[in-house]
Amino acid sequence: MSAYLLRRLAYALPILLGVNLLTFALFFMVNTPDDMARLHLGVKRVTPEAIENWKAARGYDKPLFLNVQASGSGVLTDTIFFEKSLAMFAFEFGQADDGRDIGNEIRTRMWPSLAIALPTFVIGLLVNISVALILVFFRHSYVEWTGVVLAVAMMSISGLFYIIAGQYLFAKVWALAPISGYQDGFNAARFVWLPVLVGVVGGLGAGARWYRTLFLEEAGKDYVRTARAKGLSEARVLFRHILKNGMVPILTGAVAVFPLLFMGSLILESFFGIPGLGSYTIDAINAQDFAIVRAMVFLGAVLYILGLILTDLSYTLVDPRVRLK
Amino acid sequence: MMPVVLWTDLLVWLLMAALVGAVLLIRRQPHLRAPWGRVARDPMAMAAALVLAAYTAIALLDSLHYREALPPGPQGEVHYAPEVKSVLDRLLAPLVERQEKSYSAPFATHAFARETLTGPDGQTIRDFPRLIHGGAHLADPVRDRAADILARLAAGLGGGLVIWLAWLGLRRGPRRRRHPQLPWRAMDVTLLALMLVVGALVALAPHYHVLGTDKVGQDVLYASLKSVRTGFLIGALTTLVTLPFSVGLGVAAGYFGGRVDDAVQYLYTTLNAIPGVLLIAAAVLILQAQMEAHPDWFETGAERADMRLLFLCLILGVTSWTGLARLLRGEVLKVRELDYVMAARAFGVSHGRILGRHILPNIQHIILISVVMDFSGLVLAEAVLSYVGVGVDPGMYSFGNMINGARLELAREPVVWWQLGAAFLFMFILVLAANLLADSIRDALDPRTRQRT
Amino acid sequence: MRRLILLLSLIPLAACQQAVNNPYPTEEAGLGILYSAFSERPKHLDPARSYSSNEVAFTGQIYEPPLQYHYLKRPYELIPLTAEAVPRPRYEDAQGRSLPEDAPAAAIAVSVYEIRIRPGIRYQPHPAFSLDGAGKPRYLPIPTALLDEVTAIPDFPEPGTRELTAEDYVYQIKRLAHPGLHSPILGLMAGHIVGLGDLAKTLEAEARHGKGGWLDLRNQPLAGVQVVDRYTYRILIKGKYPQFIYWLAMPFFAPVPWEVDAFYSQPGMAEKNLVLDWWPVGTGPYMMTVNQPHRQMRLTRNPHFRGEPYPAEGAPGDAEAGLLADAGRTMPFVDEAVYSLETETIPYWNKFIQGYYDASGISSDNFDQAVQAGAGGEVDVSPEMAARGIELKTSVSASLFYTGFNMLDPVVGGLDEKRRKLRQAIAIAMDNEEFVAIFRNGRGIPAQGPLPPGLFGYRDGREGMNARVYDWVDGQPVRKSLTEAKRLLAEAGYPGGRDAVTGRPLVLNFDTPARGPDDKARLDWLRKQFRKIDIELVIRGTDYNRFQDKMREGTAQIFEWGWNADYPDPENFMFLLYGPHKKVGSGGENAANYQNPEFDRLFVQMKDMDNGPARQAIIDRMVDILREDAPWIFGFYPKNYALHHGWLHNVKPNLMANNELKYRRVEPGSRSVARQEWNRPHWLGPALLAGVLVLGLYPAWRAYQRRQQAPGRSGRTEP
């Protein structure tokens with residue numbers, strides 16, 4: 001087990017390097033440092049000298065990957081890629097291209113993001129599983145049929161529509177929530193409940209359907225039939241056997257979604273004016289602030305790897321048949 | 001007339017050919033025929049299949065492109081119009097040509113917004129102007145409209161009914177006897193519904209804007225029908241691109257473990273760790289830069305838009321295989337520990353055989369379900385991508401572009417609901433049909449659900 | 001599911017009794033705060049850098065350049081802000097001899113602007129000014145323990161202040177040349193201010209060799225800018241540049257004290273965002289107290305502000321509009337201004353309707369709801385809005401949207417007769433009246449030339465009509481017929497939209513960075529316009545960078561562009577078509593790469609002239625050339641429609657002034673009443689929704705019970 005963990009941790013390094021390399025390549029295939037300079041200096045009255053100055057000040061006046069003019073190891077190290085990537089591994093994100101400190105920003109923005117993403121995720125998971133269990137429990141009845149049709153209907157609606165409808169009904173017509181905005185502390189609840197509700201309802205159709213499929217699969221297995229034959233009550237079969245055994249795919253799915261929590265509330269955040277990391281990232285993409293994009297991608301990758309290791313660990317906890325070596 | 005074969009046209013027709021080939025194969029192979037036979041006997045599945053076939057027909061009609069020949073030039077040489085049309089455009093020509101100035105509600109005879117008009121007495125007044133085409137044949141729209149619509153509707157429905165009855169009479173004879181197991185009643189009812197809808201549209205659409213008009217006065221029904229192809233392509237082609245990656249790599253990682261597992265995990269962890277939107281955005285932007293650098297690649301705007309659509313499918317495919325691959329790996333990890341698989345390995349059965357006989361049948365339902373869920377998910381994802389600005393070409397008809405346009409319309413007062421409504425309706429039926437078919441396929445194919453019966 | 005309903009019903013109940021949708025803290029109710037929004041985080045608040053309007057919206061309230069625009073008078077008039085008087089330039093020739101005011105521009109070697117500022121003006125409280133007992137700067141160097149503790153400028157325990165001096169203005173002009181600041185106007189100003197370019201070179205060399213840290217600009221001489229005495233400084237301009245005076249009303253020329261620069265340059269400050277780019281320091285009526293650009297910005301009244309009387313005279317009609325009610329009273333009136341980030345238009349609009357923003361622009365989609373056009377085209381708020389006391393202010397911006405042709409393009413560019421006719425034909429086909437009606441709901445005036453109304457040189461009525469595109473019919477311009485356009489097209493060598501020689505259909509390309517959902521309709525419309533004269537238009541949409549590349553390389557064919565005036569002078573629009581400012585090659589602002597020798601000659605002549613009949617005559621000739629050559633299709637001058645609630649006073653659109661906040665006055669009392677009345681929570685709707693959900697669950701519950709009672713536990717029938 002510990003050998004396995006060590007191996008996974010050792011893998012994290014090349015993965016992070018790969019992520020960095022890929023982000024870097026993709027970004028600079030689209031944007032040249034000149035583009036970035038021009039974007040930051042504005043549209044009006046920009047001179048070529050100003051662009052050169054900007055690049056020099058930000059360290060973008062070097063070659064991307066290979067510095068053929070440098071000598072020795074400078075060929076690799078005296079490049080934008082090396083200089084901009086190295087500090088990441090020490091979690092020093094440095095300054096954004098507009099001169100503001102990224103680490104500072106991440107620390108303040110992470111809380112609003114979590115305030116939306118975490119409840120949406122947890123409540124969403126609970127609601128989805130509950131609904132799926134209800135549907136499985138009432139198999140072959142009109143309850144299931146209606147439920148499935150409703151779920152299908154709900155998953156064929158664009159997420160944007162849920163947001164617009166939720167804002168329209170709860171914030172505008174019924175005046176029950178602020179349309180957008182955010183405050184710290186306990187006041188946050190006032191701003192958070194509507195986006196969370198929208199997020200949960202928006203994900204309910206697909207979620208419930210997916211978990212139902214997983215549970216039905218379990219329900220068809222021999223041990224379930226045996227359990228029923230033994231005379232266990234339907235509820236007991238459902239919770240003791242089906243739910244428990246269905247946890248393996250649920251866990252894989254849940255952890256796979258985990259890093260997307262950052263990205264997932266991207267549109268929610270921008271519609272509801274939540275000052276979180278999702279809107280930070282999307283703003284950075286729009287502003288082509290490479291320093292922020294790189295920092296966010298790196299952070300996401302770290303969290304993602306953490307999630308992966310946790311998943312594999314939970315495999316062994318839930319299902320002893322799975323062996324890790 | 002010069003036929004134009006766009007890349008996506010080619011792929012769609014290839015896909016169709018593959019589908020026909022698969023059907024023929026299934027018919028010949030008894031062990032495949034049995035489970036698919038169960039699908040064919042399920043009334044819900046067959047009804048859904050019929051609806052999907054209707055959508056497919058629209059998409060296919062819209063995938064036959066051509067350029068019209070212009071009158072010969074001064075030296076008699078032939079040139080073709082720069083505009084690429086499809087057979088569907090030709091069929092819907094009455095809808096295309098009947099453009100209004102701006103918004104109008106479904107079945108409206110007057111525009112949606114007031115305008116400054118000059119009255120008969122030379123006075124300027126602020127009122128709703130008559131539409132140029134919608135209900136233009138009515139002398140007094142206020143008095144005659146309802147009666148006219150009802151009359152045309154009745155005629156259309158009647159026509160649909162007649163065609164349906166004719167079809168009923170045609171197939172009553174030998175076909176039914178040859179395939180008594182098919183759920184004819186459900187199929188007939190679905191067909192009736194389709195016929196009635198088509199009949200009503202044929203009767204009404206040339207005289208009214210059945211689903212209203214959009215901001216620039218284009219018929220929303222036309223936009224919806226044109227969007228079908230885009231949605232269909234994004235769902236179908238992307239899945240095609242995804243499958244080899246996700247199945248091949250996912251199964252290999254789960255089954256072989258060790259270095260293969262490490263390599264595959266490295267690949268998808270790295271890809272997965274990068275936020276999908278960023279990855280897609282970057283790829284789409286790179287493509288755009290390439291297209292800008294070579295404007296001579298494309299003779300027409302349609303080709304540009306088509307290339308963008310194709311690459312969007314490719315990019316979505318390359319970035320979205322990781323989810324299914326992860327799932328399959330997890331499942332294969334479980335399956336390979338099953339007793340009979342262990343036994344097979346112990347007996348020295350070849351890897352190919354084990355994969356084919358034991359592993360794949362145990363995971364194919366996951367693949368199928370994931371594919372169908374992806375289908376609808378991808379159609380929906382397109383809307384979000386358009387919101388971020390990296391979706392299909394902004395000039396292309398697509399559900400995403402329609403929904404995004406409608407997003408702003410909902411803030412109007414009174415609300416302009418018909419564009420969102422139309423996109424919702426067309427998409428909803430498409431996704432519902434796909435899901436119902438998928439459910440049935442799943443019930444029929446899943447080895448574990450089969451054990452129950 | 002039930003858990004969800006429980007949550008749903010609990011949260012709003014717990015939050016508040018009334019107006020649960022109030023996005024602001026409850027303790028703010030009833031205070032004299034102005035609520036506004038910003039849609040994009042300001043990138044720079046450093047006066048040497050901020051240029052775009054969303055940045056100047058903040059810096060304009062904090063910084064005080066020597067001059068400002070009169071708030072009410074039209075046409076726009078410069079008046080002193082911190083200066084004693086508006087400076088008049090003194091001209092000298094190359095030998096340093098004084099020249100009379102009417103000296104020919106060619107003879108003038110230097111224009112001297114001497115600016116005298118008022119004594120007794122004090123800066124806002126700020127730690128940079130804080131002195132300890134010995135009279136030394138208290139926070140220079142800043143104690144490490146304190147630096148760890150503070151996160152914002154208001155956190156510093158003992159701020160100080162000091163008097164504004166002429167040296168502060170000089171210091172800021174030197175900052176424009178600072179290599180680390182990348183001032184957007186350095187290139188422009190280096191061409192005008194004597195010695196600024198040399199200073200930039202010196203500083204750059206110094207920055208390269210130096211060890212970083214603070215560069216004390218007081219030791220760096222700048223030949224063209226001198227301190228005369230404590231309250232007077234002098235700026236030397238190369239030759240004659242009458243437009244320079246307008247720059248003196250922009251934050252670029254606001255004072256920056258050296259203490260502030262030194263304070264912010266200390267190590268460790270940038271990591272905490274304690275920089276001038278984030279925390280401005282000025283003498284203006286407001287100071288920044290909260291800077292969270294991802295959420296909220298807050299400007300609070302500067303306690304050291306000297307006070308300034310509200311203008312006593314205005315334009316005709318201002319008194320009737322109530323704009324002179326506060327005449328002579330001491331500004332500012334509002335204690336605090338809160339700006340919230342609002343990136344989407346729908347929430348922005350709804351919050352305005354709910355009374356949570358005091359003012360709002362109108363997007364095209366909310367137009368019908370808010371505004372009614374009368375029969376004669378005049379506009380007013382709709383009855384529903386009027387009932388809420390909402391008022392409408394309209395103004396025509398000093399901006400122009402246009403469609404440009406790349407004059408280097410082999411198909412549409414060039415000054416020969418055929419290409420010219422092709423462009424003229426397209427100009428006729430492009431129905432800008434319809435565009436304004438559909439996409440801007442009438443909020444724009446179709447343009448007849450490059451100069452928007454309100455600028456010197458603009459002509460109204462028949463003599464201002466573009467006779468290449470319009471005919472004068474019944475007292476108004478009417479667009480020429482498509483027949484005329486098709487005739488021109490035929491003469492251009494494309495009868496029926498096909499090349500007369502080869503017979504190939506004419507296909508043109510439109511380059512655009514468009515990507516939003518609303519763009520599709522617009523692009524469809526555009527293609528429709530070209531199709532009217534049988535031209536097929538291909539839309540080449542790309543991202544913004546690629547679009548910029550194409551513009552710079554001159555590979556675009558037809559494009560859209562716009563320009564916002566920096567200052568109200570025709571030169572600021574005409575220079576966009578001046579040959580030597582071509583985008584390709586010189587990187588200037590002439591995006592169409594238009595170059596007509598006669599136009600260029602007239603431009604050089606016109607730009608330094610004083611307003612008068614002679615200048616008007618030259619401008620008329622220049623506009624005529626442009627209409628004939630048609631490098632642009634003049635689109636429209638946007639009209640701004642701005643709504644504000646009845647409790648906000650002294651609102652008059654001023655497109656040049658950027659320090660409007662101090663004129664505003666709010667009535668918090670009537671605002672609180674209105675907010676409560678407009679935002680009564682409705683519980684019936686959600687209660688019904690919850691009821692439907694519970695009812696939906698009831699059959700399931702029944703089924704469950706039935707199943708429990710059924711004799712054989714699995715009463716189901718397996719298929």
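- Heavy-atom distances place the side chain of Glu204(C), and not its backbone, under 4.5 Å from chain A.
- Checking side-chain atoms of Lys351(C) against main-chain N and O of Ile179(A) turns up no donor-acceptor pair under 3.5 Å.
- A donor-acceptor contact shorter than 3.5 Å links the side chain of Arg190(A) to the backbone of Asn22(C).
- Both the backbone and the side chain of Phe138(A) come within contact range of chain C, with heavy atoms under 4.5 Å apart.
- No part of Phe272(A) comes within reach of chain C, as not one of its non-hydrogen atoms sits under 4.5 angstrom from that chain.
- Annotation: side chain of Leu689(C) is in contact with side chain of Phe170(A) (closest heavy-atom distance under 4.5 Å).
- When all heavy atoms of Ala175(A) and Asn21(C) are compared, the closest pair comes out as CB-ND2, 3.5 Å.
- With a 4.5 Å cut-off on non-hydrogen atoms, Asn128(A) does not touch chain C at all.
- Rounded to the nearest 0.5 Å, atoms CG (Leu341(C)) and OG (Ser279(A)) are 7.5 Å apart.
- A salt bridge links Arg41(C) to Glu105(A): at least one charged side-chain nitrogen sits closer than 4.0 Å to a carboxylate oxygen.
- Here the shortest heavy-atom pairing between Gln167(A) and Pro347(C) reads NE2-CG, 4.0 Å.
- At least one side-chain heavy atom of Pro112(A) sits less than 4.5 Å from a side-chain heavy atom of Arg295(C).
- Taking 4.5 Å as the limit, some side-chain heavy atom of Leu176(A) sits within range of a side-chain heavy atom of Pro686(C).
- Contact of Arg552(C) with chain A is made through the side chain alone, with heavy-atom distances under 4.5 Å.
- Remark: the backbone N or O of Pro23(C) is paired with a side-chain donor or acceptor of Gln183(A) at under 3.5 angstrom.
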| said: For Ile274(A) and His294(C): C-alpha separation, side-chain torsions, deciding distance, then whether side-chain contact (heavy atoms from CB on, under 4.5 Å) applies. | reply: CA-CA 8 Å; Ile274(A) 307 288; His294(C) 54 279; over 6 Å; no
